[in-house]
There are 2 protein chains.
Amino acid sequence: MPTAANDYPPIAVTVDLVVLTVREEKFQVLTIRRGEEPFLGHWALPGGFLRPDEDLEEAAGRELQEETALSAQQVHLEQLASYGTPDRDPRMRTVTVAYLALAADLPTPTAGSDAAEARWQPVESLLASGLAFDHGRILRDGVERARAKLEYTPLAAAFCPPEFTISELRRVYEVVWGTELDARNFHRKATKTEGFVEPTPGTTTRDGGRPARLYRAGHATTLHPPLLR
Amino acid sequence: MPTAANDYPPIAVTVDLVVLTVREEKFQVLTIRRGEEPFLGHWALPGGFLRPDEDLEEAAGRELQEETALSAQQVHLEQLASYGTPDRDPRMRTVTVAYLALAADLPTPTAGSDAAEARWQPVESLLASGLAFDHGRILRDGVERARAKLEYTPLAAAFCPPEFTISELRRVYEVVWGTELDARNFHRKATKTEGFVEPTPGTTTRDGGRPARLYRAGHATTLHPPLLR
DNA sequence: ATAATAGTGTCTCTTAGACAATATTTC
DNA sequence: GAAATATTGTCTAAGAGACACTATTAT
């Protein structure tokens with residue numbers, strides 16, 4: 001209930017992105033190398049200021065476009081959480097709204113409009129080596145959100161190209177969860193869970209062996225029953 | 001990545017609360033009647049400005065204390081989401097971080113430090129009659145979050161007093177979900193799901209009939225298996 | 001005794017997980 | 001044919017939901 005906005009010093013609002021993908025059989029995140037202090041040379045999550053006339057999700061989509069050349073149509077984008085610890089940025093008081101983006105492993109340039117270096121990095125090693133600001137915590141939260149959502153939503157398909165095989169979908173689960181799944185039981189569950197995947201006429205042999213049917217993402221928003229870890 | 005904060009006009013950051021409880025067999029939310037324009041006389045969610053030295057959750061806890069005299073120890077408090085549509089407040093640009101609070105039906109004064117009138121209202125009728133600002137959307141998101149979390153977390157106990165019966169726990173599910181559950185099957189699931197509830201030595205007859213064993217909330221953070229709707 | 005709520009047992013159906021068997025490719 | 005992956009089928013154990021039945025209180 002704003003009553004006296006001027007009583008308080010201004011707070012900068014930023015939007016940060018946790019862009020996740022499955023790449024080379026590893027769960028990876030898009031990082032930017034910082035070109036200035038503080039944390040010069042450290043890796044950080046991409047992000048930037050909220051502009052005066054932008055909605056939050058709009059700002060997230062714009063940053064995504066600027067940093068990855070991925071359009072919001074090609075990725076799943078959802079709000080993750082906000083972070084506002086008073087000293088999270090030593091220069092000024094900032095509150096950041098973090099967004100989670102899940103993308104297929106496209107041949108992404110990963111070259112942003114900034115001169116800053118951009119790179120995909122495996123989530124686990126990056127969490128161990130550390131990130132600028134409180135981005136380690138943000139990444140951890142994003143990874144946990146993604147892992148949890150695979151259980152009860154059809155979101156694994158967001159890590160796949162528009163048409164994919166059941167094996168490709170299964171590998172997403174295996175890489176994101178870090179577990180092994182029985183290919184035969186997974187096949188049955190994925191194809192029988194209402195609205196998870198829908199078959200296309202096509203097949204492919206890109207994974208070797210017998211040709212596999214190609215599927216598209218279904219229309220379900222929730223998996224019944226869930227695919228438990 | 002803040003580079004030039006002064007390039008942009010200041011944005012006010014507020015914290016709003018969706019405080020939910022089960023009261024008189026209905027799913028209710030704490031509302032405040034607005035004492036000034038805009039939306040004078042309309043119902044709104046409690047909330048206020050983020051102070052210069054406060055973390056987000058700290059501000060949420062403070063507002064909760066001010067509005068309900070409930071301490072953060074007595075309620076479950078978690079971040080819900082942030083809302084920042086440019087015109088969400090006609091007076092100025094604001095971004096609000098909404099928190100979800102789940103409380104037992106204590107004999108709450110519901111009299112805040114403000115002179116504003118505070119009242120518990122049934123969620124459904126309030127969503128139908130409308131709320132100030134975008135608080136209808138925030139409430140809707142909070143209600144949906146609460147409903148979903150009952151499925152796979154032991155959070156229903158947050159709506160109960162420290163010691164409760166299985167029937168009281170079941171009524172939480174029935175009221176929040178708006179469904180009827182089989183008392184016998186529910187009893188078996190609740191008591192057998194690892195870490196959901198743990199028995200105490202006591203019993204009570206406050207619900208009538210045969211004395212019921214009293215339980216406390218268990219230590220689990222996730223229910224295996226989930227209690228599906 | 002009757003009403004009310006608590007709690008246990010039983011039965012059936014569905015699903016999960018283990019794993020055998022078959023199908024269709026490439027080399 | 002051998003190797004690789006896809007897909008279907010079968011078996012067993014566990015959980016969900018329907019519901020009979022027993023237990024313990026108040027009136």
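What you see below is based on every heavy atom in this structure, not just the backbone, and it leaves out hydrogens, waters and symmetry mates. A, B, ... follow the sequence lines: proteins, then strands. Residue 1 opens every chain. Bear in mind that the values here come from a model prediction, so they are computed numbers and not experimental data.
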Report all interatomic pairs (protein N or O, nucleotide N or O of nucleotides 3-7 of chain D) with separations under 3.5 Å.
unit_1	atom_1	unit_2	atom_2	d
D:dT5	O2	A:Arg210	N	3.3
D:dA6	OP1	A:Ser167	OG	2.7
D:dA6	OP2	A:Ser167	OG	2.3
D:dA6	N3	A:Arg210	NH1	3.1
D:dT7	OP1	A:Arg213	N	2.8
D:dT7	OP2	A:His187	NE2	3.0
D:dT7	O5'	A:His187	NE2	3.3

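- Running 5' to 3' along DNA chain C, contacts with non-hydrogen atoms of chain B at under 4.0 Å begin and end at C:dA4 to C:dT10.
- For the residue pair A:Asp141/A:Tyr83, the side-chain donor-acceptor check at 3.5 Å is satisfied.
- Within residues 220-229 of chain B, no residue approaches DNA chain C, by heavy-atom distance under 4.0 Å.
- Residues passing the side chain to side chain donor-acceptor pair (under 3.5 Å) test with B:Glu144, sequence neighbours excluded: none.
- With sequence neighbours left out, B:Phe196 forms a ring-ring contact (aromatic ring centres under 6.0 Å, His included) with no residue at all.
- Legend: residues meeting ring-ring contact (aromatic ring centres under 6.0 Å, His included) with B:Trp43, ordered by chain and number and at least two apart, are absent.
- Counting only heavy atoms from C-beta outward, the side chains of B:Val29 and B:Val143 never approach each other to under 4.5 Å.
- Sequence order on DNA chain D of the closest nucleotides to A:Thr191 and B:Arg188 puts A:Thr191 first from the 5' end.
- With hydrogens and angles ignored, the 3.5 Å screen pairs no side-chain donor or acceptor of A:Thr193 with any backbone N or O of A:Ala190.
- Side-chain contact between B:Thr204 and B:Pro211 is absent, with no heavy-atom pair separated by less than 4.5 Å.
- With sequence neighbours excluded, the residues satisfying side chain to side chain donor-acceptor pair (under 3.5 Å) with B:Thr165 are B:Asp207.
- Residues passing the ring-ring contact (aromatic ring centres under 6.0 Å, His included) test with B:Phe27, sequence neighbours excluded: none.
- Of the N and O atoms on the side chains of A:Thr21 and A:Asp105, not one donor lies less than 3.5 Å from an acceptor on the other residue.
- Note: NZ (B:Lys189) to P (D:dA18) measures 11 Å, nearest angstrom.
- Under the rule for a side chain to side chain donor-acceptor pair (under 3.5 Å), the partners of A:Gln121 that lie at least two apart in sequence or sit in another chain are A:Thr31.
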Listed pairs under 3.5 Å, donor-acceptor, residues 218-229 of chain B side chains, sequence neighbours left out:
unit_1	atom_1	unit_2	atom_2	d
B:Arg229	NE	B:Glu151	OE2	3.2
B:Arg229	NH2	B:Glu151	OE2	3.0

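- Of the residues in residues 193-206 of chain A, none has a non-hydrogen atom less than 4.0 angstrom from any atom of DNA chain C.
- In this structure, the side chain to side chain contact (heavy atoms under 4.5 Å, CB included) partners of B:Ser129, at least two apart in sequence or on a different chain, are B:Leu126.
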